[in-house]
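Notes follow the structure.
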Amino acid sequence: MQGLPMSDPYLLSEIHDDFRAMVRQFSEDKIAPRIEEIDATDEYPEDLHKEMVKADLLSVMFPEAVGGAGADAITQAILVEEMARVGASAVMIPLLNKLGMIPVLLRGTSEQQLEWIPRIVAGEEQAAYGLTESGAGSDVAAMHTKAVRDGDDWVINGGKRFISNAGVATVYTIFAKTNPEAGHKGISCFIVPASTPGFEVSRYEHKMGIHGSPTGELTLDDVRVPTSAMVGEEDEGFRIAMMTLDRSRPGIAAQALGIAQGAFELARDYAKERKQFGKRIIDHQAIGFMLADMDMKTRAARHLVYEAHAMIDRADPQLTYVAAAAKTFASDVAMEITTNAVQVLGGYGYVRDYPAERMMRDAKITQIYEGTNQIQRVVMAKLLGR
């Protein structure tokens, strides 16, 4: 990467500020009153999905040409950040519907895009992304799901694991090997409606956090789709998957950023009210310094998150590196800050009367999904060595 030259800075406008204020109000009014119940019951919040559709917030994630609002990527980052500030699981609704359609946006035909995306924006359909398998997480080329050509159809057999939005989604982008002998060069991508015979959500995961956003295992048993269901060219799936992750990792970084911001504010406000030894605990240096570090690292993460999103819009060649860096840094910061928020609240941080423990549980997955942070560091190190 020849020393990673500096990229152009991002700029925020009054439009971004106004949009932030609107989403923050929506989140406080609609998500905040529901998030503790969602966390306790682990039930998908259909009501919040409807509210987001009603407020036209899902359209923010898609281009105008396919029925979206045509918002820039930083606006999308602000949407995710502000929702995650009060409810990290609720923000999975716009994030996952966008994720499932990124391959279609990147390499799909106009017919494929217009068949699904306007209906997702309207709340009539939901999407999911089917890449990971039990033995093929970081090592995508190790997947066993196969697609075999049969006349004018492809027949898919196999399974997917840890699929977010499983059971809620009505359409999935599924990756399968069409040329098993070619390793990662023999993978293709298909659009598979959930109603297709042989397609089944066979089990659900019981997770530490992000309750209310279902994660499940998919079984594909002689799932037959037409050749028109292929996204892009045959054997182009690995490239599509990597391009998708370059554009989805900044969204996870924005989610982590929102969690960190919410946890910092909770800890700060508590520390300004709680008194020990005759003064507010924020006035004790041990706590004051901890809060200063929390705020500093959150602000630093925000710059990296916004930089990555700005790179998406201008198709910056450094996107792969900065997307990995933003996801890694923001998620590590979120884990540190939520852990420290629990510490600042003491015993109250460890009980469910306060949201600190939920934020800590929700933060952990941001270090894992969309590629573990260990893999992100591998990506960055390889690019630095070029």
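Quick note: numbers below take in every heavy atom, side chains included, and nothing from hydrogens, waters or symmetry partners.
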Restricting to non-hydrogen atoms, name the atom on [X] and the atom on [Y] that form the minimum distance, rounded to 0.1 Å.
X	Y	result
A142	G135	CB-O, 3.7 Å
L114	A65	CD2-O, 3.9 Å
T196	P193	OG1-O, 2.7 Å
D39	H211	O-ND1, 2.8 Å
A253	A330	O-CB, 3.5 Å
F26	M83	CE2-CE, 4.0 Å

With sequence neighbours excluded, what pairs up with H49 under the ring-ring contact (aromatic ring centres under 6.0 Å, His included) test?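 Result, ring-ring contact (aromatic ring centres under 6.0 Å, His included) vs H49: none returned.
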Can you tell me which residue pairs pass the salt bridge (charged side-chain N to carboxylate O under 4.0 Å, His left out) test with a partner in residues 263-275, sequence neighbours excluded?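 Every pair satisfying salt bridge (charged side-chain N to carboxylate O under 4.0 Å, His left out) with a residue in residues 263-275: R85-E265.
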Test side chain to side chain contact (heavy atoms under 4.5 Å, CB included) on L105 and F62; report intermediate values, then the result. CA-CA 9 Å; L105 288 169; F62 296 101; 4.0 Å; yes
Go through it in stages, so that I can follow the logic: the residues are T170 and E125, the test is side-chain hydrogen bond (donor to acceptor under 3.5 Å, both in side chains), and I'd like the CA-CA distance, side-chain angles, deciding distance and then a yes or no. CA-CA 6 Å; T170 53; E125 308 279 357; 2.5 Å; yes
Please check if the distance between the ring centroids of Y369 and F162 is under 6.0 Å.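 That pair fails the under 6.0 Å test.
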Any donor and acceptor pair, going by atom type alone, linking the side chain of [X] with main-chain N or O of [Y] inside 3.5 Å?
X	Y	value
N373	Q376	no
E82	L79	no
H16	S13	yes
N165	A128	no
R119	E124	no
T75	A71	no
K382	G385	no
K177	A141	yes

Who else is in the cluster with Y204 when I, L, V, M, F, W and Y are joined by side-chain contacts under 4.5 Å?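 When side chains under 4.5 Å apart are linked, the cluster holding Y204 also contains W154, I156, I163, Y172, I174, F190, V192, F199, V201, L218, L220, V223, V225, M230.
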Using 0.5 Å steps for rounding, measure from the [atom1] atom of [X] to the [atom2] atom of [Y].
X	Y	atom1	atom2	value
R358	I35	CZ	CD1	5.5 Å
E37	E43	CD	CD	7.5 Å
D153	D222	CG	CG	12.0 Å

Quick one about [Y] and [X] (side-chain donor to acceptor, distance below 3.5 Å, no hydrogens or angles considered), yes or no?
X	Y	result
D42	H206	no
T366	S331	no
D152	T227	no
D56	S59	yes
Q367	K327	no
D29	Q25	yes
Y129	E370	no

When the ring planes of F277 and H284 are compared, do they come out parallel, tilted or perpendicular, using 30° and 60° as the limits?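 F277 and H284: perpendicular rings.
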Looking at [X], I want to see if its [atom1] is surrounded by more than 12 non-hydrogen atoms of other residues, nucleotides or ligands under 6.0 Å.
X	atom1	result
E28	CD	yes
L12	CG	yes
M208	CE	no
R299	CZ	no
K146	NZ	no

Going by an N to O cut-off under 4.0 Å, is there a salt bridge joining [X] and [Y]?
X	Y	answer
R203	E205	yes
D47	K50	no
R352	E357	yes
D313	R247	no
K160	E133	yes
D235	K185	no
R161	E217	yes

Stepwise salt bridge (Lys or Arg N to Asp or Glu O under 4.0 Å) test for D283 and R280: CA-CA 5 Å; D283 297 322; R280 303 178 306 171; 3.0 Å; yes
Step by step, work out the side chain to side chain contact (heavy atoms under 4.5 Å, CB included) result for E336 and N340. CA-CA 6 Å; E336 177 183 344; N340 286 344; 3.8 Å; yes
V342 and Y354: CA distance, side-chain angles, deciding distance, side chain to side chain contact (heavy atoms under 4.5 Å, CB included) verdict: CA-CA 9 Å; V342 170; Y354 287 79; over 6 Å; no
Working for side chain to side chain contact (heavy atoms under 4.5 Å, CB included), residues R386 and L383: CA-CA 5 Å; R386 288 183 180 177; L383 290 173; 3.5 Å; yes
